[in-house]
There are 2 protein chains.
Amino acid sequence: MIFQKYLAKHDLRDTPQRELILDAFLTLEEHISAEQLYDIVKRQDPSIGQATVYRVLKLLMEAELAREIDFGDGVIRYEHKYNHPHHDHLVCRGCGKMLEVVDPVIEELQKRVAESHGFKLTDHEMYLYGLCEDCRRKKSAGPQ
Amino acid sequence: MIFQKYLAKHDLRDTPQRELILDAFLTLEEHISAEQLYDIVKRQDPSIGQATVYRVLKLLMEAELAREIDFGDGVIRYEHKYNHPHHDHLVCRGCGKMLEVVDPVIEELQKRVAESHGFKLTDHEMYLYGLCEDCRRKKSAGPQ
DNA sequence: TTAACAATGATAATAATTTTCAATAGGATG
DNA sequence: CATCCTATTGAAAATTATTATCATTGTTAA
Ligand SMILES: [Mn+2]
Ligand SMILES: [Mn+2]
Ligand SMILES: [Zn+2]
Ligand SMILES: [Zn+2]
């Protein structure tokens, strides 16, 4: 509905490819790359082109349905934005396990830090890296 | 001295190219990309290859002399790490102006958030984006 | 129907970084 | 000094994610 409204508002057409990619994206819950989404969509319609997947992801961003995540590994991932409020990410350096976190006090302090330098904060990115319990156990057990 | 020690410790040679690139890096104070550093170094020795610049930057990271910054624009930049303690970045979305900031309370809370999920925090990245005073003024003045 | 043009898929292009590899440089050894 | 030996280098090719190009197809509206 939101996407269709966005398309109408911008005089863009509601095509089967766009619908297919939108549905595939909404069905998933994880953070997904354009490549991974293309693989999924291709199974349902092998004639689809990957350029279209990239194009639709851009539209989903503009329609506020998707949000980019950049873990700095050279691949941009996407997650749901609708009904999925802002949060940050806690990532295990050992196994890659990822948790979504948010701390209201940190969020407030970020605003203040910006203001103290005359900035009006618009957004931010915060990635916390560490070792999860499992990985710490494995590490202290030592190799073998 | 630190770099030379690192090289010795790892049975790596102290070559003129490595010295040149190190010196160029240490002379600068801004955040710099591999490409930019290559341009500078090339002026002093046009025979130098850019692969060597990439290689030396990797060594500087391992020697704890350099730190990566990723503003998400597809280019990795580097900054001094030695005598340049951890900090985060406040960036203006309007003009790109960048400030280094650090808030001890945020730093402490980040640790706690991680611990509350069983993680031991090793490091983090935080980028605050906003509009600086100048850019806000320009914006409210309107176009023309 | 037809003209206009948005959307698509295949493919080429881009851009930052990494890899490959043959040539070189220098330290260690005799 | 002469000779191994191998780390290092520069040039060029490869890689990888993403974007641009473009001819073809699909849709809309006169
Ligand atoms: Mn998330
Ligand atoms: Mn900095
Ligand atoms: Zn883990
Ligand atoms: Zn500004």
Side-chain angles (χ1 to χ4, degrees), chain A residues 3-25 31-63 66-79, chain B residues 3-25 31-63 66-79:
Chain A
F3 190 47
Q4 288 76 2
K5 251 177 201 146
Y6 176 85
L7 293 177
K9 186 166 186 174
H10 292 77
D11 282 309
L12 300 169
R13 291 182 188 159
D14 190 354
T15 68
Q17 289 93 336
R18 285 174 176 166
E19 285 291 332
L20 177 59
I21 295 165
L22 168 70
D23 287 349
F25 176 72
H31 306 93
I32 193 175
S33 67
E35 194 72 22
Q36 291 173 308
L37 186 55
Y38 173 54
D39 285 345
I40 288 164
V41 145
K42 205 168 33 177
R43 269 180 245 142
Q44 298 177 250
D45 177 359
S47 76
I48 215 148
Q50 66 180 344
T52 302
V53 174
Y54 278 97
R55 288 189 278 239
V56 171
L57 279 169
K58 198 149 286 178
L59 290 176
L60 293 178
M61 296 271 297
E62 289 161 21
R67 182 192 288 131
E68 280 187 6
I69 318 270
D70 182 356
F71 285 103
D73 63 349
V75 189
I76 293 167
R77 272 166 262 266
Y78 299 85
E79 66 173 9
Chain B
F3 190 48
Q4 288 76 4
K5 250 177 201 147
Y6 177 85
L7 293 176
K9 186 165 184 175
H10 293 77
D11 282 308
L12 300 169
R13 290 183 190 159
D14 190 353
T15 67
Q17 290 93 334
R18 283 174 178 167
E19 285 290 333
L20 177 60
I21 295 165
L22 169 69
D23 288 350
F25 176 71
H31 306 92
I32 194 174
S33 68
E35 194 71 21
Q36 291 174 307
L37 185 55
Y38 173 55
D39 285 343
I40 288 165
V41 144
K42 205 168 33 176
R43 271 179 244 144
Q44 297 177 248
D45 177 359
S47 76
I48 214 147
Q50 66 180 345
T52 302
V53 174
Y54 278 98
R55 287 188 278 238
V56 172
L57 278 170
K58 199 150 284 177
L59 290 176
L60 294 178
M61 297 270 298
E62 288 161 22
R67 183 192 289 132
E68 281 186 4
I69 317 272
D70 182 356
F71 285 103
D73 63 350
V75 189
I76 293 167
R77 271 165 262 265
Y78 299 85
E79 66 172 7

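Because the structure is predicted, anything quoted here is derived from the model rather than measured. A note on names: the letters A, B, ... follow the listed sequences, proteins ahead of strands, and every chain is numbered from 1. Atoms considered below: every heavy atom in the structure, side chains included; atoms not considered: hydrogens, waters and symmetry mates.
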From the candidates D:dT27, D:dA7, C:dT17, the one with an atom nearest any side-chain atom of A:R13 is D:dT27
Using the side chain to side chain contact (heavy atoms under 4.5 Å, CB included) rule, take B:R18 and B:L59 through it: C-alpha gap first, then chi angles, then the decisive distance, then the call.
CA-CA 9 Å; B:R18 283 174 178 167; B:L59 290 176; 3.6 Å; yes
Here the distance between atom C1' of D:dA17 and atom CD1 of A:I69, to the nearest Å, is 17 Å
One should read off an interatomic distance between B:D39 CG and B:Q50 CD, to the nearest 0.5 angstrom, of 9.0 Å
Between C1' of D:dT9 and CD1 of B:I48, the distance in whole Å
9 Å
Nucleotide C:dA16, atom C1' - distance to CG of A:D70 in whole Å:
14 Å
Minimum-distance pair of heavy atoms, taken over all atoms of B:A24 and B:V41:
CB-CG2, 3.6 Å
Which nucleotide in C:dG26, C:dG9, D:dA11 has an atom nearest any side-chain atom of B:A51
D:dA11
Given atom CZ of A:R55 and atom P of C:dT8, what is their separation to the nearest angstrom?
7 Å
Answer yes or no: does a side-chain N or O of B:T15 lie under 4.0 Å from OP1 or OP2 of C:dA25?
no
Checking contacts here: which listed nucleotide (C:dT8, C:dT17, D:dA20) is nearest the side-chain heavy atoms of A:Q17?
C:dT8
Atom-to-atom span, CD of A:Q36 to P of D:dA17 - whole angstrom:
10 Å
Starting at CG of B:D14 and ending at P of C:dG26, how long is that distance when rounded to a whole Å?
12 Å
Nearest 0.5 Å, please: how far is OH in B:Y38 from CD1 in B:I32?
14.0 Å
If each of A:D11 and A:Q50 is mapped to the nucleotide of DNA chain C with the nearest heavy atom, which maps nearer the 5' terminus, i.e. the 5' end?
A:D11
In terms of side-chain heavy atoms of A:K58, which of C:dG9, D:dG10, D:dT19 is nearest?
D:dT19
Is A:S33 touching bases, backbone alone, or none of the nucleic acid, heavy atoms closer than 4.0 Å?
nothing
Of B:Y38 and B:L7, whose nearest nucleotide on DNA chain D comes first from the 5' end?
B:L7
To the nearest angstrom, the CD1-P distance between B:I76 and C:dA15 comes to 17 Å
Can you figure out which of D:dT19, D:dG10, C:dT17 approaches the side chain of A:Y54 most closely?
D:dT19
B:E19 CD to C:dG26 C1', straight-line distance once rounded to whole Å
15 Å
For the pair A:R67 and A:Y78, evaluate side chain to side chain contact (heavy atoms under 4.5 Å, CB included) and give the outcome as yes or no after the intermediate values.
CA-CA 5 Å; A:R67 182 192 288 131; A:Y78 299 85; over 6 Å; no
Winner on side-chain proximity to A:T52, out of C:dT20, C:dG9, D:dT6, is C:dG9
